[in-house]
Amino acid sequence: MLEELKEKVLKANLQLVSYGLVVLTWGNVSAVDREKKLFVIKPSGVPYDTMKASDMVVMDFDGNKVEGDLNPSSDTPTHLELYRNFDNIGGIVHTHSSWACSWAQAGCDIPAFGTTHADFANCAIPCARGLTEDEVNGEYELNTGKVIIEEFAKRGLKPEECPAVLIHRHGPFTWGKDPFKAVENALILEEVAKMASRTLRISCFDKNSDIGIEQYLLDKHYNRKHGNNAYYGQNN
């Protein structure tokens, strides 16, 4: 079942390793088949170097395991909640990549300081609130997804325009049209988080430092790549 999607999810998970976004088993990728209302996700705690496509787990939109011999990722309920609410995404990534995770642990948004960020998102990368004790002790992973949905609704953000979020004290989630785009967004997020950290540190040495991208420049760079009249790249 969904053999082609399993292969894609396996390859996307292995990209996390090749890009240096995970250590040990700290991360997961999933991808969805909207027509069948099923998604495929990495199994929990399985080392990347031994993982096979046949190890991938198929889940339905009610949170039931449809196929697979192994337990799905412990973050499966979070992925499910995002698929239920963000209709246009096809793949999701969760990592504990160090720079993005550092911003999450600090409970801070990643500000838009320059055009690299603007090419990625037209806003600061939001850090959602931390979960309450009751949310943690209840359906923790499901509530993590609910907090992401809540944060985007509160800020009026569209997941297509901001393909990433941080969870306070936890780490980043990214998404995209497919699992490979979701991984690409995780890689970009990590680079943006690193640049922002360095920018803040460098600015401390100069009281006249001027950081924070102008809105017109942010809009220009975002729209030339993602807007209705985008002209970045090659026409298909």
Side-chain angles (χ1 to χ4, degrees), residues 1-33 38-59 65 67-83 86 89-105 110 116-117 119-121 125 127 141 144-145 148 159 162-167 169-198:
M1 178 182 292
L2 300 180
E3 300 307 315
E4 184 177 349
L5 196 59
K6 288 178 185 176
E7 289 286 350
K8 290 180 179 179
V9 171
L10 172 64
K11 290 178 181 178
N13 272 286
L14 295 179
Q15 283 184 334
L16 296 182
V17 179
S18 64
Y19 288 145
L21 293 172
V22 298
V23 297
L24 301 175
T25 61
W26 299 357
N28 45 74
V29 181
S30 72
V32 68
D33 185 321
L38 299 172
F39 66 100
V40 175
I41 194 164
K42 173 186 175 288
S44 180
V46 175
Y48 290 93
D49 58 355
T50 64
M51 207 162 50
K52 307 181 296 296
S54 59
D55 293 329
M56 302 300 109
V57 184
V58 181
M59 304 292 297
K65 183 165 71 171
E67 184 179 74
D69 297 326
L70 301 174
N71 293 328
S73 166
S74 57
D75 294 304
T76 296
T78 308
H79 289 240
L80 174 56
E81 187 66 10
L82 296 180
Y83 285 133
F86 292 167
I89 65 174
I92 297 170
V93 170
H94 173 52
T95 74
H96 289 262
S97 58
S98 57
W99 288 99
C101 214
S102 296
W103 283 86
Q105 290 179 169
I110 303 176
T116 306
H117 185 123
D119 284 340
F120 178 55
I125 306 303
C127 184
E141 291 83 8
T144 297
I148 295 171
C162 183
V165 70
L166 308 175
I167 298 294
R169 310 208 195 289
H170 188 172
F173 284 83
T174 61
W175 45 81
K177 64 181 181 180
D178 57 40
F180 302 113
K181 187 64 178 179
V183 171
E184 179 183 303
N185 287 336
L187 178 61
I188 296 171
L189 174 65
E190 182 67 358
E191 288 299 308
V192 166
K194 184 192 301 183
M195 290 178 187
S197 301
R198 289 172 171 171

Measure the shortest side-chain to side-chain distance between [X] and [Y] over non-hydrogen atoms and say whether it is less than 4.5 angstrom.
X	Y	answer
Asp75	Thr144	no
Ile92	Phe39	no
Leu5	Val58	no
His94	His170	yes
Val17	Val22	yes

(request) Please round to the nearest 0.5 Å and tell me the distance separating atom OG1 of Thr76 and atom NZ of Lys42. (result) 10.0 Å
(request) Look at the side chain of Trp103 and the backbone N and O of Ala193, then say whether any donor-acceptor pair between them is shorter than 3.5 Å. (result) yes
(message) What I want to check is whether the side chains of Asn185 and Thr174 have a donor and an acceptor closer together than 3.5 Å.
(response) no
What is the minimum heavy-atom distance between [X] and [Y], and which atoms define it?
X	Y	value
Lys52	Leu10	C-CD2, 3.9 Å
Thr50	Asp55	O-OD2, 4.0 Å
Pro172	Thr95	CD-O, 3.2 Å
Glu141	Ser74	CG-O, 2.9 Å
Ala12	Phe180	N-CE2, 3.7 Å
Cys162	Trp175	O-CZ2, 3.3 Å

(message) Any salt bridge linking Asp178 with Lys181? Criterion: basic side-chain nitrogen under 4.0 Å from a carboxylate oxygen.
(response) no
(message) Heavy-atom count check: over 12 atoms from other residues, nucleotides or ligands less than 6.0 Å from Tyr48 OH?
(response) yes
